[in-house]
Protein chains: 2
Amino acid sequence: MRVSRDKAAENRERIVDTASRLFREKGFEGVGVDAIMNGAGLTHGGFYGHFGSKDDLAAEAVARALERSVEKQSRYTNLSDLVSEYLSERHCADRANGCTIAALGDEIARQRNGVRRALTEHVRGQLDRFTHLLRNGPAARRRKRAIATLVGMIGALTLARAVDDPALSKEILAVARNAFGEAPPADQSSGRRDG
Amino acid sequence: MRVSRDKAAENRERIVDTASRLFREKGFEGVGVDAIMNGAGLTHGGFYGHFGSKDDLAAEAVARALERSVEKQSRYTNLSDLVSEYLSERHCADRANGCTIAALGDEIARQRNGVRRALTEHVRGQLDRFTHLLRNGPAARRRKRAIATLVGMIGALTLARAVDDPALSKEILAVARNAFGEAPPADQSSGRRDG
DNA sequence: TGTACATCAGTGAACGCGCGTTCACTGATGTAC
DNA sequence: TGTACATCAGTGAACGCGCGTTCACTGATGTAC
C-alpha cells in the first residue's frame, strides 16, 4: 500500500538510522537487509525502492553515524570532558549508539571507497576540532596532541570492549581517561629531543 | 587418499596458520572454509576431520596469532623499539601478518567466549611485559603507562588503516611513534593532580 | 470540493548464489601376522 | 622383511539454509478535470 511522500521520506531516514545502529552493534556482515527493514518497522521488499544496494546503505549509514557524532561533540567546550564521556563505561557498553570508528574500525579499513572517504573527512574534522580545543602551545604541537588523544581514545575503547574481564575493561578506561583526558600525551616534557 | 600422520599434523598446522593470516586480512566473515583450505593446499571436504566448526578454527587461529605476536616481541629489550616497529608503515600495510587486536579488534568483541578469553589473557600478558620494559617510576605508574601505550598503539594502527589518505595515515603513525614510543604518555608531568 | 484515474511505496513470494557442513568414496598408510 | 587387510586423511559432490536481490501485486496517495 502506498504511503505519503513525507511518510516515505521518514521511512527512509528511519532505515538509515536503524542501519547505523545495527551495523555498529553487529558489524556490516552481522546484519541483513531483512533485520534492518524489520528494525525500521518495514518489510525487506521495499528496501530497493530506497537504496541501490546494501553497500550503498552502509555508506549512508556510516556517514549518518559520523554526523551524529559531530553533533554530540558540539556540546563540549573542553577536550577533557569529551574524553571522559567517550571513555565512560556507559559508552563502552553501548556500541550501537557509540563511536563508529571504535565499533567498525577494522571493518571500515576493508570497506569500499565511499565509506572510507567519509571516514577520512570525519577524522580530518575531528583532528581540527581537537586541535582547536587544546589551548596551550603552538598549533603544530596541539595537532600532535590531538592525534595522540584521538588514537588513545579509539584504542582504549576498542580494547576495553574486546577484553572479557569487566575489571580489566574498567581499568583500561580509567587509565585512559586519566592519560588522555588530563595530561597532554604528545608533550615531550620529559626532556627528550623533539624529533 | 590417506596421508601419513606426520603429514596430517603438518596439514592441520598449515590450516591454522593460513586461517590466522586470512582472518586478519579479511575478517572472520570475509573468509570461507573453502578459501582457508585452498590456501593451505587442500580441499574443503577435509576440514571437518581437523576441526569441529569454523568457529573452533577461529578460536585456534586467534590463539595462534597471539602466540606468534608474543614470540616476535621477545626480540625487543626496550619499549621504544617495539613501538616504532609496531607503528611502522610496513606493519600498517601488512594486516595479514600483523597485530590481531588491530586487525580484528571490533570483531573479536562480538565473538564467542573462546576467542575473547584468549585475547584477554594475551592483553594481561602484554601489559605485564610492557610494565616490565618501562624502567622508570613505581610499578603502579609504569602499569598506567603500559596501558596508555598499548591503547595508543592499537588506536593509531586502526586509524591509520581505516583512513583513505596515505599522507594522513603516515602522519598518524609518525605522531603516535613519537607520542607513545618516546615520551611517557601516562606521566602526569605537567603538574596536575594524580587522580 | 468531488470524482476517476495514474502513480508508486510497501508487501511477500521467489530466485540464485555462496557458504558451512555432510557424506560416500578413494587410495595411501599403518598394522597384524 | 613381505603380504593382506583395516584404517582413515583427503576428495568432491551434494545438502540446506540464509541472504541479497527481483518482481508481480496491492491499495493508498497524488493529480487532472
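Sequence lines set the chain letters: A, B, ... in the order given, protein chains first and strands last, and positions in each chain run from 1. Quick note: numbers below take in every heavy atom, side chains included, and nothing from hydrogens, waters or symmetry partners.
Between the CG atom of B:Asp164 and the OG1 atom of A:Thr120 there is a distance of 4.0 Å, given to the nearest 0.5 Å. For the atom pair A:Arg24 CZ and B:Asp106 CG, the distance stands at 13.0 Å (nearest 0.5 Å).
Just one residue in the list A:Asp17, A:Thr100, A:Asn97 forms a side-chain hydrogen bond (donor to acceptor under 3.5 Å, both in side chains) with A:Arg68, and that residue is A:Asp17.
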>> Walk me through whether A:Asp81 and A:Ser84 qualify under side-chain contact (heavy atoms from CB on, under 4.5 Å).
In response: CA-CA 5 Å; A:Asp81 290 351; A:Ser84 287; 5.5 Å; no
>> With side chain to side chain donor-acceptor pair (under 3.5 Å) as the criterion, how do A:Asn113 and A:Arg116 come out once you've worked through the C-alpha distance, each side chain's angles and the decisive distance to 0.1 Å?
In response: CA-CA 5 Å; A:Asn113 288 338; A:Arg116 292 188 71 197; 5.7 Å; no
>> Run the side-chain contact (heavy atoms from CB on, under 4.5 Å) test on A:Leu42 and A:Asn38 for me, step by step, so that the C-alpha distance in whole Å, both residues' side-chain angles and the decisive distance to 0.1 Å come before the verdict.
In response: CA-CA 5 Å; A:Leu42 299 164; A:Asn38 288 349; over 6 Å; no
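Under the 4.0 Å criterion applied to side-chain N and carboxylate O atoms, B:Lys72 and B:Glu85 are not assigned as salt-bridge partners. Taking a cutoff of 4.0 Å between a charged side-chain nitrogen and a carboxylate oxygen, A:Asp165 and B:Arg124 qualify as a salt bridge.
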Which pairs, protein N/O on one side and nucleotides 15-18 of chain D N/O on the other, fall under 3.5 Å?
none

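Partners of A:His91 by ring-ring contact (aromatic ring centres under 6.0 Å, His included), not counting sequence neighbours, listed by chain and number: A:Tyr86. Applying the side-chain hydrogen bond (donor to acceptor under 3.5 Å, both in side chains) criterion to A:Arg110, with sequence neighbours excluded, gives B:Glu107. With sequence neighbours left out, B:Arg12 forms a salt bridge (Lys or Arg N to Asp or Glu O under 4.0 Å) with B:Glu60.
Atom CD1 of A:Ile36 is separated from atom P of D:dC19 by 11 Å (rounded to the nearest Å). Protein atom CZ of B:Arg12 is 16 Å distant from nucleotide atom C1' of D:dC8, rounded to whole Å. Computed from coordinates, the A:Met37 CE to C:dG12 P distance equals 12 Å when rounded to whole Å. Rounded to whole angstrom, the span from the CZ atom of A:Arg14 across to the C1' atom of C:dA9 amounts to 13 Å. Protein atom CZ of B:Phe51 is 13 Å distant from nucleotide atom C1' of D:dA9, rounded to whole Å.
For the pair A:Ala9 and B:Gly30, nearest-nucleotide mapping onto DNA chain C gives the more 5' position to A:Ala9.
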>> Generate the contact string for nucleotides 20-33 of chain C. Rules: B means base contact, S means sugar-phosphate contact only, - means no protein heavy atom under 4.0 Å.
In response: SBBB--BBBBSS--
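Paired runs in DNA chain D that reach 3 or more consecutive Watson-Crick or G-U pairs, where each pair keeps both distances under 3.5 Å, cover C:2-33 with D:2-33.
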